[in-house]
Amino acid sequence: MKPEMRRTVIAGNWKMNFTPKEAKKFIKEVAPLVAGKDNCDIVFCAPYVTIDAAMKAAKGTNIHIGAENVHFEDHGAFTGEVSARMLKEIGVEYVIVGHSERRQYFAETDTTVNLRTKAALAAGMKVILCLGEVKEQRLSGITDEVVGMQTKLDLAGISEEDLKNVIIAYEPVWAIGTGLTATPEQAEETCGVIRKVLAGMYGKKVAETVTIQYGGSMNDKNAAELLAKPNVDGGLIGGASLVAEKFAAIVNAAQ
Ligand code: PEP
C-alpha cells in the first residue's frame, strides 16, 4: 500500500511522435479506456505543436496534457525554445524536465535542469523531473551516488512549498526504449534511495509526500509488479504510451 498522501501518476511521454491530428485521434481512442480510473493522475506529454490539439481533445476527460521540455528564460533571443510563460498561457499543466534524451542529445546538464525546473514551478506548472544512471554507472556500483547527486543538484534552491509540484521520474537510462526493464526490486531500491536523499534535504515527512515514478520500458506486462512496490508511485512511459490499449492496461495496473 502506498501512503495516502502520495498521488500515483501515470504519464506518457510521446517524444517526437503524433502530429496534432494523430494526437486527437489517439486521445479519442484512449479516453474511454481510462475514464473513471481516478486512483491515479493521467498525463500525456506532447510535442509543442501537438499540445493544443491534445488539450482540446482531452477536454472533459480525466486526461491532463503536458509539454516535454521548457526553457528557463522568460523570453528573448533563444531561437527554437519555448518558455514557461508561453506554456502556461495555453493551459499546460505539466512539463517533463531533464529527460535523458535531452541530457544525452541536447547537452542538458544538472544546472540547466535545475533552471528549467525552477522556471516551470515559478509559472505554476507541475514538473516531471527525470533522472537516472547510465549502464556503466550501474555496472560499476555507483547508481546510488549518481541519482543522489542528480537529486541534490536538480532540486538545489527549490523550496518545500515548490517541491509539492515536483514529481520525480527515476529512469535508468539503460532501460529507456531498450526493452530492458529494471526489476521491481531495482526500481524499488533506487526510488527508495531518492526518497532518502529527499529526506536529507527536506525532512522525512516531506519526502514521504513526493511522487516518485519509475520509467524505462514499462509496459502492459510488467507495470503491475513495478507499481506494486511501495516506493514506486507511478510510471513515465514512452513506447507504450503510443498504444491506447497498452497505456490503458498500465493505468488499470495502478488502480
Ligand atoms: C521515456 O521516454 O521516458 C521512457 C521511459 O521510454 P520507454 O518507456 O519507451 O522506455
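Predicted, not measured: the structure shown is a model, and the values here were computed from it. No hydrogens, no waters, no symmetry mates; every other heavy atom, side chains included, goes into these values. One-based numbering, in listed order, for ligands and for the atoms of each.
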Test of proximity, Thr178 against ligand 1: N or O pairs below 3.5 Å: no

Under 3.5 Å side-chain donor-acceptor pair for Arg138 and Thr190: yes

Ligand 1 contacted by Ala169 (non-hydrogen, < 4.0 Å): no

Taking both backbone and side-chain atoms of Lys15, is any N or O found less than 3.5 Å from an N or O belonging to ligand 1? yes

Around atom 4 (C) of ligand 1, find the nearest protein heavy atom and jot down its residue, atom name and distance. Gly238 N, 3.5 Å

Side-chain contact, heavy-atom cut-off 4.5 Å: Ile128 with Gln213? yes

Ligand 1 contact by Gly216, heavy-atom criterion under 4.0 angstrom: yes

Can you name the atoms of ligand 1, numbered from 1 with element, that are less than 4.0 Å from a heavy atom of Gly239? 7 (P), 8 (O), 9 (O)

Return the NZ to CD1 distance between Lys37 and Ile63, rounded to the nearest 0.5 Å. 12.5 Å

Regarding Asn222 and Thr181, is there a side-chain donor-to-acceptor distance under 3.5 Å anywhere? yes

Chi angles and distances behind the salt bridge (Lys or Arg N to Asp or Glu O under 4.0 Å) call for Asp154, Arg103: CA-CA 12 Å; Asp154 297 351; Arg103 294 180 190 250; 2.8 Å; yes

Which ligand 1 atoms does Leu236 reach within 4.0 Å, using its non-hydrogen atoms? 3 (O), 5 (C)

So which protein heavy atom does atom 5 (C) of ligand 1 come closest to, and at what separation? Glu171 OE2, 3.1 Å

May I ask whether Leu236 and Val251 are part of the same hydrophobic cluster, defined by side-chain heavy atoms of I, L, V, M, F, W, Y residues being less than 4.5 angstrom apart, directly or through others? no

One finds that the ligand 1 atoms under 4.0 Å from a non-hydrogen atom of Ala175 are 10 (O)

Which of the numbered atoms in ligand 1 are under 4.0 angstrom from any heavy atom belonging to Asn13? 1 (C), 2 (O), 3 (O)

Between the side chains of Glu136 and Trp174, does any donor sit under 3.5 Å from an acceptor? no

In terms of atom number and element, which parts of ligand 1 are under 4.0 angstrom from non-hydrogen atoms of Gly177? 7 (P), 9 (O), 10 (O)

With a cut-off of 4.0 Å, which atoms of ligand 1 are near a heavy atom of Ser217? 7 (P), 8 (O), 10 (O)

Considering only the protein, which heavy-atom contact is closest to atom 1 (C) of ligand 1, and what is its distance? His99 NE2, 3.2 Å

Glu133 and Tyr170 side chains, donor-acceptor separation under 3.5 Å: yes

Any sub-3.5 Å donor-acceptor pair from Ser241's side-chain atoms to Gly12's backbone N or O? no

